[in-house]
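As structure tokens, the structure follows; a few thoughts come after it.
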Amino acid sequence: TVQVVERLMRISVKVLVYDFDEVVVKGSDGVKQRAWSVVFSAFGGTYLEPLKEAQTRFGHGRGGDRFTIMDAVFRAVGVAESDLQSQIAAGAEAYDAFVQKGILEIGVEDDARAALALLAKTYPQYINTATPEAAFAKTFEALGLSEYFRGFYGRPNDKVTNLTLIAEREGVQPHHILFVGDAQKDREAAQGFGCHFVGFATAENDWSASPQSFPLIEDIAEIPELLR
């Protein structure tokens, strides 16, 4: 039962790991989705269907990232092979500028910051994201997250690899780690790695609509009580 899972977590967890989008910053997925209209503005509405297909195939930790998605969409709308890399470079710059600004405007909620500060006194904390590390480094610094987190891991590694690196860095076993995420791929990463998982319920995943085999929260501020 979920109660048994929670009890085991309280006993064994030594390290906390969080997905970033919609978990640490609520609304960040929406910022990233709006950024595509800037990247592909020269193509009218012709990019919409290829973008949907590319996101279904590569997005949300499915083995790709913003560069993979751009490559697929630019090819689909007819960008010549000779122009592809320059289009991707320009697109990545526009995407990153839009996303960095949007995420900084939203920020981390005050109650989440308070909870992260409290938890950091007891647990080493890390971020495990599907965002490329070079881009996420800017977000990490701009939001002042080093106050709460010992570090972050992102693409090109997948989330299981990142969990493995965190475990090695902290000298712990998988069952000592709790991963908090909002996507099925986060859940699968936790299962594949062998660590505990707490689901972050959102309108997108709709996890709260039916019983789950893992604990659910709707705010980072709930974690201290969950581990008490």
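In this text, all values refer to a predicted model and were calculated from it rather than measured experimentally.
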Does the [X] side chain pair with the main chain of [Y], one donor and one acceptor, at a distance under 3.5 Å?
X: E22; Y: D182; result: no
X: E222; Y: I217; result: no
X: E133; Y: Y153; result: no
X: D29; Y: D21; result: no
X: H196; Y: H175; result: yes

Grab the two heavy atoms, one from [X] and one from [Y], that are nearest each other, plus how far apart they are.
X: P50; Y: T46; value: CD-O, 3.2 Å
X: V73; Y: A54; value: CG2-CB, 4.1 Å
X: L116; Y: Q125; value: O-NE2, 3.1 Å
X: A167; Y: I177; value: CB-CD1, 3.8 Å
X: A72; Y: F58; value: CB-CE1, 4.1 Å
X: C195; Y: P174; value: CB-O, 3.1 Å

Is there a side-chain contact between [X] and [Y], using heavy atoms and a 4.5 Å cut-off?
X: V198; Y: I223; value: no
X: F200; Y: I220; value: yes
X: Q55; Y: I69; value: yes
X: L165; Y: R169; value: no
X: L143; Y: V24; value: no
X: T56; Y: E53; value: no
X: Y123; Y: E170; value: no

TODO: Start with the C-alpha distance between F20 and V25, add both sets of side-chain angles, then the distance that settles side chain to side chain contact (heavy atoms under 4.5 Å, CB included), and finish with yes or no.
DONE: CA-CA 7 Å; F20 179 76; V25 173; 3.5 Å; yes
Open item on the list: Could you go through I166 and V15, starting from their C-alpha distance and side-chain angles, then the distance that decides it, and tell me whether this counts as side chain to side chain contact (heavy atoms under 4.5 Å, CB included)?
Closed with: CA-CA 9 Å; I166 292 167; V15 179; 4.1 Å; yes
Open item on the list: Between Y18 and F149 (judged by ring centroids, cut-off 6.0 Å), do the two rings come close enough to count as a pair?
Closed with: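 Centroid distance Y18-F149: below 6.0 Å, so yes.
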Open item on the list: With a 6.0 Å cut-off (strictly less than), is the heavy-atom count around NZ of K32, excluding the residue itself, greater than 12?
Closed with: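 Result for NZ/K32: enclosed.
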Open item on the list: For R57, I'd like to know if atom CZ has over 12 heavy atoms of other residues, nucleotides or ligands within 6.0 Å.
Closed with: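 Check fails, neighbour count at 12 or below.
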Between [atom1] of [X] and [atom2] of [Y], what distance do you get to the nearest 0.5 Å?
X: L16; Y: L119; atom1: CG; atom2: CG; value: 6.0 Å
X: N162; Y: F179; atom1: CG; atom2: CZ; value: 8.5 Å
X: Y95; Y: I88; atom1: OH; atom2: CD1; value: 14.0 Å
X: R187; Y: D19; atom1: CZ; atom2: CG; value: 15.0 Å
X: Q212; Y: W207; atom1: CD; atom2: CH2; value: 7.0 Å
X: E218; Y: T202; atom1: CD; atom2: OG1; value: 9.5 Å

- [ ] Decide side chain to side chain donor-acceptor pair (under 3.5 Å) for S86 and D83; before the verdict, give the C-alpha distance in whole Å, the side-chain angles of both, and the deciding distance to 0.1 Å.
- [x] CA-CA 6 Å; S86 62; D83 297 330; 4.9 Å; no
Task: Trace of the side chain to side chain contact (heavy atoms under 4.5 Å, CB included) decision for E109 with D219 - done: CA-CA 10 Å; E109 294 179 349; D219 199 292; 3.5 Å; yes
- [ ] Please lay out, stage by stage, how E188 and K185 fare under the test salt bridge (Lys or Arg N to Asp or Glu O under 4.0 Å).
- [x] CA-CA 5 Å; E188 291 170 3; K185 284 294 180 180; 3.5 Å; yes
Would you kindly confirm whether [X] and [Y] end up in one hydrophobic cluster when ILVMFWY residues are joined by side chain heavy atoms under 4.5 Å apart?
X: Y126; Y: L163; value: yes
X: V31; Y: V108; value: yes
X: Y148; Y: I127; value: yes
X: V39; Y: L84; value: yes

TODO: Inspect the contact between R228 and E225 and indicate whether a charged nitrogen and a carboxylate oxygen are less than 4.0 angstrom apart.
DONE: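 The answer is yes: the pair qualifies as a salt bridge.
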TODO: Taking salt bridge (Lys or Arg N to Asp or Glu O under 4.0 Å) as the test, write out the residues that go with E93, two or more places apart.
DONE: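 Listed in chain order: nothing, the list is empty.
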Open item on the list: Quick one about T68 and D71 (side-chain donor to acceptor, distance below 3.5 Å, no hydrogens or angles considered), yes or no?
Closed with: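 There is no such pair (donor and acceptor under 3.5 Å, judged by atom type) between the side chains of D71 and T68.
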Can you give each donor-acceptor pair under 3.5 Å made by side-chain atoms of residues 97-106, sequence neighbours left out, with the distance rounded to 0.1 Å?
from : atom 1 : to   : atom 2 : distance (Å)
Q100 : OE1    : T139 : N      : 3.4
Q100 : OE1    : T139 : OG1    : 2.8
Q100 : NE2    : D96  : OD1    : 3.1
Q100 : NE2    : A135 : O      : 2.9
Q100 : NE2    : T139 : OG1    : 3.3
K101 : NZ     : E105 : OE2    : 2.6

Open item on the list: Applying side chain to side chain contact (heavy atoms under 4.5 Å, CB included) to L51 and Q33, what does each step give before you reach the verdict?
Closed with: CA-CA 10 Å; L51 175 61; Q33 191 61 31; 4.2 Å; yes
Open item on the list: For F140 and F152, take the angle between the two ring planes, folded into 0 to 90°, and tell me which bin it lands in: parallel under 30, tilted 30 to 60, perpendicular over 60.
Closed with: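 Rings of F140 and F152: tilted, as their planes differ by 30° to 60°.
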- [ ] Specify whether W36 and F40 have parallel, tilted or perpendicular ring planes, treating 30° as the upper limit for parallel and 60° as the lower limit for perpendicular.
- [x]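 Plane angle under 30°, so parallel.
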